[in-house]
Novice: 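Questions regarding the structure given below will be posed in turn.
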Amino acid sequence: MSEKKKKTKTKRSSIGGQAVLEGVMMMGSTCMATAVRDPEGEIQVEARRINRSPKTAKACKIPFVRGIVNMFGSLVRGTGALMRSAEVYGDEEEAGNLEKVLAEKFKINLMSVVSVVSVCLGVALAVALFLVLPNLIVSGLKSLFPSLTGSVWEYIILGVIKLVIYFAYLGIILLLKDIRRLYMYHGAEHKTITCYEKGLELTPENARGCSRLHSRCGTSFLFIVLAINILIISLVNWGLGVAEIESNLLQFLAKLGIEIVLLPVITGVSYEILKFLAKFDNWFVNIFKAPGYFMQKVFTTREPTDDMLEVAIAAFKKALEMDADPDMEETEFVTGGMLTQKLKATKEKFAKKDIDESDAEWIYSLVLDIPRSELTSERIISPAEVKAVKEIVDKRLTGRPLWYIIGDVDFCGCKIKVDERVLIPRPETEQLADIAIKTVEEGDKVLDMCTGSGCIAIAMAKGCAGKHISVTAADVSDAALMVARQNAVDNEAVVHFVQSDLFDGVRGRFNVIVCNPPYIKSSDIHTLQKEVRDYEPRIALDGGDDGLDIYRSIAKVINRYIARGGMLILECGEGQADEILKIFSRRDYAMVIKDLYGVDRFLKIAF
C-alpha cells in the first residue's frame, strides 16, 4: 500500500445504493444519481433531486417510522432507476409491430407498459413466495401431523421454510447470467462506498482493493427483516391463539393477515437494528453482522471489473456533488421514446432560451431523415437517434446557429458547407439565385459579388450548365473564399473565385451581376438575434449607417463592369427598395420583386 493510502482518514457516508442494469444507483441525502454504461460503451449519468414533502421529511427522522418511509421510498426510486437503466441499455433494433401499433394508435410506449407490469408481477411474486407459500406448506404439514398445531415446532418449521425459500430463490436466480452481472455491479457499489469511507481517492485501482461486503447493504437488511419476521410473527400468532381457529381456511387467512399488518412494524424494527449495527465495528457486533456478510459473499455480490468500478464511482461522485451543491441542475439519460414527447420536450427547452421551435423540428427531421411534415406522425425513436439529437440540441442551447452546428445547408439542390466564416444562406437568397438563373442567357458571363459561401455562384453554375456560361465569384474575405472554393469542389461546380473588395480585383464586363450585400443598419446590429449577432460575420451584415453603403459603392462603378444590355440583380432589406432605385438612377429600367412573404426584396436593374 502506498504512503498516501496509509495517511488517509476514515469518513462516514450516508450514501447508499443498488445495482441496476449495466450500472449503479447511488442515493444521497438530497438526490439520487444513476450511472449506466450504454451500448456504445459511454457512461451516462442521470441525477434527480429527492423532493420529500415536509411531512415525509419529518417522518424520516422518527425512529422506527423512518424505516418504513425509507423502505417504501427506496423501493419506488430503486424500481424506477432499474427501469430507467433498462431504457438506456434497451434494444437498439427497429421497433416491433406491437410497439409501433401502441405508439402510433394509442400513443403508448411499450417500455412504460412493461415497467408497470413488471412491478406488479414482482410484488405478487414476493407475496406468493415469502408470505403465502410458507403458510400453505405449514398448513399441509399440520394436516399430516396434527400434533404440530399450536406447538412451538409449527413456528420453528415456518421460520425454517421461509429461510429455505429465501436461500433457494437467491440460489436459483444466481444461475442467470444477467443476475450474476448485476451482482458484479452490486460489488462495485459496495467497493466504491467503502473506498470513500476509508478516505481513499475514488479510483478503480483504490476501489478494487476494498471489500465488496458492506454493513448497510440491503441484503443484510432483508436477512434482518426475515429473522425479525420469524420471531415476531411466531410470538403474535402464539399470543393470539391463531392455531386454535378450527377452520383451516380462516386460520390461514388470519396468519396471512397478521404477516401483512405487521410488515411495517417488522420493517421499522429491522431498520433500526441495521442502523445500530452499522455504527460499530468490533468482534461482538460482527457476530450479528455475519449472516448478512455471508449472504452478500455467497449470493448477492461478485467481484467487479474496473470498468464497472468506473460506473459506480461516476454515480457516487455525482451524488456527492448534488448533495454539496443545492443549485446543481438535474441531468437525465439519453433514452429512446415517443417522437412527439421528445420533440415537445426539446421545444420547451428552446422556448426557455428564446430559440425558435422550428429549429427543434429541423433537428429531428435531419436526424431521423424524415420531412418536417411527418413529425406529427407518432413513432418510437431509438436511444442512438435520441443521442444524436441531444448532441445537436446541447450545442444549439449555447446560442450557436443550427446550420453552423449541422455544418451544411441545402441551397437550390446543392449541399453548401457553412461555418462562422460565412453568412448562413436564407430562403430569400435561394429565391435570388432562382431569379438570376432564369435571367441568364446562352454564353453569358456572370459575376456573383459578395459571394460568401459561394452558394449563389455554385447554384448558377449548376443550374445553367447547359447554357455554357462562365461564373466568377468575388469576396473581400479570404476566409469566406476558402469555404466557397471547397463548396465548388464538393458540388463539382466550375466557378472562378477572386479575392476583391467589390470590383477592385475584378477584370472584364459581365452580362449578369448578382449581389446579396450587407444591408443591416449599423445601429440595428445589436437588435439582431443572438445567433446572428454573435456568430455570423459582421462584415456580411453591416451595411453602414443607413444600410446602403455597398449599394452606393456599386452604383459608382457599375457601368465599368456591366456589359451593354446587362442586368444587375440585388437583394435588399425591408423598406430599402425605393432608396436603392434612387441610388441607381442611371439605368434603362428596373423591376422590384417581392419575396415569399410579400416584402419588396429583390431588384432587377437593366443597363
Side-chain angles (χ1 to χ4, degrees), residues 67 71 75 122-176 179 183 213 215 217-274 276-277 284-301:
M71 188 197 74
L75 178 64
V123 172
L125 180 62
V127 171
L129 280 180
F130 303 112
L131 295 182
V132 177
L133 183 59
N135 283 290
L136 282 176
I137 293 174
V138 170
S139 296
L141 290 175
K142 285 165 59 179
S143 298
L144 296 175
F145 306 100
S147 60
L148 287 176
T149 303
S151 70
V152 67
W153 289 106
E154 176 182 348
Y155 304 110
I156 291 175
I157 292 172
L158 179 63
V160 170
I161 290 173
K162 287 181 178 180
L163 286 173
V164 169
I165 291 175
Y166 185 44
F167 285 120
Y169 172 78
L170 292 177
I172 290 172
I173 64 173
L174 195 57
L175 298 174
L176 302 174
I179 295 296
Y183 288 165
L213 311 180
S215 59
C217 176
T219 304
S220 298
F221 176 67
L222 288 176
F223 183 82
I224 294 172
V225 168
L226 189 57
I228 299 299
N229 172 278
I230 293 171
L231 177 62
I232 292 180
I233 294 299
S234 299
L235 289 174
V236 171
N237 279 329
W238 175 77
L240 294 177
V242 174
E244 298 175 5
I245 299 176
E246 295 183 1
S247 170
N248 290 334
L249 178 60
L250 291 178
Q251 187 180 125
F252 169 77
L253 293 176
K255 288 181 177 179
L256 187 60
I258 289 171
E259 296 234 24
I260 294 173
V261 169
L262 290 180
L263 182 59
V265 177
I266 293 168
T267 300
V269 172
S270 301
Y271 183 82
E272 297 305 321
I273 292 174
L274 182 71
F276 178 78
L277 293 176
F284 180 74
V285 172
N286 286 341
I287 293 174
F288 297 96
K289 293 181 181 180
Y293 286 150
F294 170 78
M295 293 176 64
Q296 292 178 49
K297 186 176 183 64
V298 174
F299 293 107
T300 62
T301 67

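As the structure is a prediction and not an experimental result, all values here were calculated from the model.
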Novice: Quick one: CD on E272 to OG1 on T267, what's the gap to the nearest 0.5 Å?
Specialist: 11.5 Å

Novice: Within this structure, what is the OG1-CG distance for the pair T300 and L222, rounded to the nearest 0.5 Å?
Specialist: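 So the gap between those two atoms works out to 9.0 Å.
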
Novice: Would you name the heavy atoms of E259 and I233 that are closest together and state the gap between them?
Specialist: CA-CD1, 3.8 Å

Novice: Roughly how far, to the nearest 0.5 Å, is CD1 of I165 from CG of L133?
Specialist: 4.0 Å

Novice: If I compare all heavy atoms of L129 with all of P134, which pair ends up nearest, and what's the gap?
Specialist: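 Smallest heavy-atom distance, with atoms named: O-CD, 3.1 Å.
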
Novice: Begin from the C-alpha positions of I230 and L158 and carry the test side chain to side chain contact (heavy atoms under 4.5 Å, CB included) through to its verdict.
Specialist: CA-CA 8 Å; I230 293 171; L158 179 63; over 6 Å; no

Novice: Can you see which heavy atom on I266 is nearest to which on V225, and at what distance?
Specialist: CG2-O, 3.6 Å

Novice: Run the ring pair (Phe, Tyr, Trp, His ring centres under 6.0 Å) check on Y183 and F299 step by step: do they pass?
Specialist: CA-CA 8 Å; Y183 288 165; F299 293 107; 8.8 Å; no

Novice: Does the side chain of E154 come within less than 4.5 Å of V138's, by heavy atoms?
Specialist: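 Answer yes - side chains close enough.
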
Novice: How long is the straight-line distance from CG of L262 back to CG of L235, given to the nearest 0.5 Å?
Specialist: 10.5 Å

Novice: Does some side-chain heavy atom of I258 sit less than 4.5 Å from a side-chain heavy atom of L240?
Specialist: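 Yes. Closest side-chain heavy atoms under 4.5 Å.
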
Novice: In this structure, are over 12 heavy atoms from other groups packed under 6.0 Å from F167 atom CZ?
Specialist: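 Above 12, so yes.
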
Novice: Do you know the tightest heavy-atom contact between L213 and K297?
Specialist: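 Nearest heavy atoms, L213 then K297: CD2-N, 3.7 Å.
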
Novice: CZ/F223 to CG/N229 distance, rounded to the nearest 0.5 angstrom?
Specialist: 12.0 Å

Novice: Kindly give the heavy-atom pair with the smallest separation between G292 and S220, and that separation in Å.
Specialist: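 Smallest heavy-atom distance, with atoms named: CA-OG, 3.4 Å.
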
Novice: What's the separation between atom OG in S215 and atom CG in L277, rounded to the nearest 0.5 Å?
Specialist: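 The distance works out to 8.5 Å.
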
